[in-house]
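In what follows, chains carry the letters A, B, and so on, assigned in the order in which the sequence lines appear, proteins first and then strands, with residues in each chain numbered from 1.
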Amino acid sequence: MPPPPGSRFFFNSLLDCTKQKDLQKGKALHAQIIRVGCSSCIYLANSLVNLYAKCGNLAKAKLVFDNISHRVVVTWNCLINGYSQQGSSGSLYAMKLFQDMRAENTMPNAHTFAGIFTAASYVTNAAVGFQAHALAIKMSSFYDVFVGSSLVNVYCKAGLVSDARKVFDRMPERNSVSWATMISGYAIQRLAVEAIHLFEFMRCEGEVLNEFVFTSILSAVTNPEFLDSGKQIHCLSVKNGLLAFVSVVNALVTMYAKCESLDDSCRMFELSSDKNAITWSAMITGYAQSGNSRKALKLFSKMHHSGLYPSDFTLVGVLNACSDVVAVEEGKQMHNLVVKLGFESQIYIMTALVDMYAKCGCMEDAQKGFSCLKEPDLVLWTSMIAGYVQNGHNEVALSLYCKMQMEGIVPNELTMSSLLKGCSSLASLDQGQQIHAHAIKYGLGSEVPVGSALSTMYAKCGCLQEGNLAFKRMPRRDAVSWNAMISGLSQNGYGMQALQLFEEMRREGTKPDHVTFVNVLSACSHMGLVEKGRTYFRMMSDEFGIVPRVEHYACLVDVLGRAGKVTEAKEFIESATIDHGLYLWRILLSACRNHRNYELGAYAGEKLLELGSPESSAYVLLSSIYTALGRAEDVERVRSVMKDRGVNKEPGCSWIELKSHVHVFVVGDEMHPHIGEIRGAIKRLSKQMKDELYESTCDFSSAVDI
DNA sequence: GCCGCATTAG
């Protein structure tokens with residue numbers, strides 16, 4: 001039935017307002033409709049629901065909806081689709097409405113299903129999607145191409161990509177949206193090969209390749225392995241004239257950056273004539289994620305000067321760049337921007353902010369950021385826990401984990417690996433085992449980060465066998481896992497086994513990283529393997545393209561120094577092409593002391609004095625060398641420099657675990673609230689050691705007497 | 001009415 005003649009004007013006007021999303025004009029029309037008494041006309045009422053829903057005023061849409069006495073399917077669709085377009089915040093309402101509609105015996109149509117499936121795609125629980133799917137099949141709505149495409153999307157977003165493919169294959173009719181959705185489903189699951197196959201299939205079928213298809217397929221090949229495919233797709237997009245779409249250019253910028261082909265990525269960025277916020281974000285993130293954080297920061301200020309406002313995505317990228325280079329000042333400026341732009345409740349931003357402060361060692365600021373969010377999610381909790389662990393506040397991290405559990409948040413593998421790292425630093429076997437038990441309870445025992453952290457934890461606590469077991473049980477291993485076990489062996493005095501494991505790692509084809517070489521070189525130094533040390537140092541850059549860092553130089557200086565080759569070590573330091581500062585001279589100084597090469601020791605010590613070493617040990621070593629050389633004047637000079645610079649000898653610190661609690665204490669500590677218990681425990685331990693005839697190489701008497 | 005491009009924790 002057509003609308004009554006008098007309503008035609010209102011009907012068309014409302015349609016215009018909805019198209020233009022002009023809420024002001026729409027409200028005026030609404031008032032007019034009420035005044036002339038047309039508000040009971042179902043066509044106008046539906047149009048009003050649609051207007052408010054499309055303009056995002058769902059409360060008002062619902063109000064009009066509630067006042068309609070005889071709702072038809074279109075009435076429901078307008079409100080359901082309004083809610084589903086709100087994304088994750090509206091999708092539950094949309095699903096509830098769908099159930100109410102069914103309860104009123106109103107039959108859904110294809111529009112209803114398209115809307116309800118869109119809502120379901122935002123909800124991780126696919127149950128309502130399944131129900132609606134069943135009903136759609138029953139009602140044959142499934143044959144509608146819109147319904148089919150949105151259903152494919154439901155399964156893709158729920159991670160059920162093979163179910164999505166089943167729906168896709170059974171669709172009687174497909175359009176470019178269906179194909180793009182399916183390809184993007186593979187992309188989300190990082191199934192590049194499947195995505196490429198489907199894309200090829202699509203081309204064979206002669207489907208139209210539009211910008212949506214290209215953005216989807218490009219996001220599937222964001223891995224160095226698929227750089228060649230990426231380049232071919234790039235060519236195809238040029239052939240199809242799609243570089244005119246900024247979205248395709250953006251996808252290319254990202255593809256090349258993620259394929260570690262940063263030059264190509266920059267070229268795409270430079271070539272694009274109409275950059276939008278996504279283009280800038282893509283390039284900034286590309287820089288930040290490829291170790292070019294300084295460039296990322298520079299590009300951000302360029303974006304800022306161009307007058308474009310950063311989006312939440314941009315800020316996350318920039319904050320990551322700040323934490324990467326420990327740029328706390330720039331990070332604080334970003335924080336101001338976050339506040340200014342009203343992003344303080346955006347969880348991705350706040351997580352990046354917390355992470356930035358934690359990496360810069362500002363745990364108080366990190367804690368403040370954390371407290372800004374009423375409902376922190378698992379990632380934020382984990383970032384906070386990881387931050388405390390990174391900064392050595394391991395106890396705080398463990399108690400934060402208890403709080404997290406009380407909030408009902410279930411941990412994942414990264415939470416567990418951070419906590420285990422905390423237990424390793426505390427050398428607390430007891431707490432480490434508890435976290436291990438939790439990992440098993442939550443089904444995280446076979447996760448790579450957990451297995452690696454377990455090997456480290458057990459090895460640090462002296463339980464090498466358990467560490468090895470954790471390593472062997474891992475279903476797959478990455479570089480971090482191998483590093484954990486290699487370092488565990490090396491630190492427990494099994495240097496040869498550590499090197500053997502490194503050779504096994506090479507055989508298995510896992511690419512070592514810079515941490516691997518720190519472990520390998522330090523194993524060489526423990527074993528006194530000078531020649532092997534030199535070989536591995538060269539191998540690092542020659543075979544694996546890893547630029548040696550100061551810690552690698554330090555290891556080799558240590559290798560040479562321990563073997564008594566102090567002159568060679570000195571020459572090595574002076575030929576080093578990096579800014580090594582104090583670090584390497586200090587190692588040489590103590591090597592010279594141990595090998596009684598006092599002349600070279602004095603040389604190294606004077607270098608340290610020149611460079612203004614903040615550590616007391618350097619001054620103490622140097623003055624002891626001058627004492628041995630009988631140069632009393634120099635002894636006096638070193639002492640006075642030390643005094644002038646306000647360098648104090650730091651007190652030795654130790655810790656002990658009592659009743660699952662780790663107590664840190666220093667020599668001469670009288671202030672510690674548990675000093676009595678600590679002393680008691682040390683006395684018991686030393687008696688036990690004597691009883692078991694432990695040959696002590698150290699003098700424990702001072703520790704017992706604290 | 002259905003699809004895409006940029007983001008968080010080891």
Atom [atom1] of [X] and atom [atom2] of [N]: how far apart are they, to the nearest Å?
X	N	atom1	atom2	answer
Phe146(A)	dG1(B)	CZ	C1'	6 Å
Asn109(A)	dC2(B)	CG	P	14 Å
Asp377(A)	dA9(B)	CG	P	12 Å
Tyr186(A)	dC3(B)	OH	C1'	16 Å
Ile409(A)	dT8(B)	CD1	P	20 Å
Phe212(A)	dC3(B)	CZ	P	9 Å

Set of ring-ring contact (aromatic ring centres under 6.0 Å, His included) partners for Phe146(A), sequence neighbours left out
none
Give a yes/no on whether any side-chain N or O of [X] is located under 4.0 angstrom from OP1 or OP2 of [N].
X	N	result
Gln85(A)	dG1(B)	no
Asn153(A)	dC3(B)	yes
Gln289(A)	dT7(B)	yes
Asn320(A)	dT8(B)	yes
Lys258(A)	dT7(B)	yes

Which nucleotide in the list dC2(B), dG10(B), dC5(B) gets nearest to the side chain of Ser149(A)?
dC2(B)
Is the shortest side-chain N to carboxylate O distance from Glu270(A) to Arg267(A) below 4.0 Å?
no
Is Tyr348(A) stacked on the base of dT7(B), meaning ring centres closer than 5.5 Å and planes within 30 degrees of each other?
no
Pick base, sugar-phosphate or nothing for [X], based on heavy-atom distances below 4.0 Å to the nucleic acid.
X	answer
Ser311(A)	base
Thr382(A)	base
Thr181(A)	sugar-phosphate

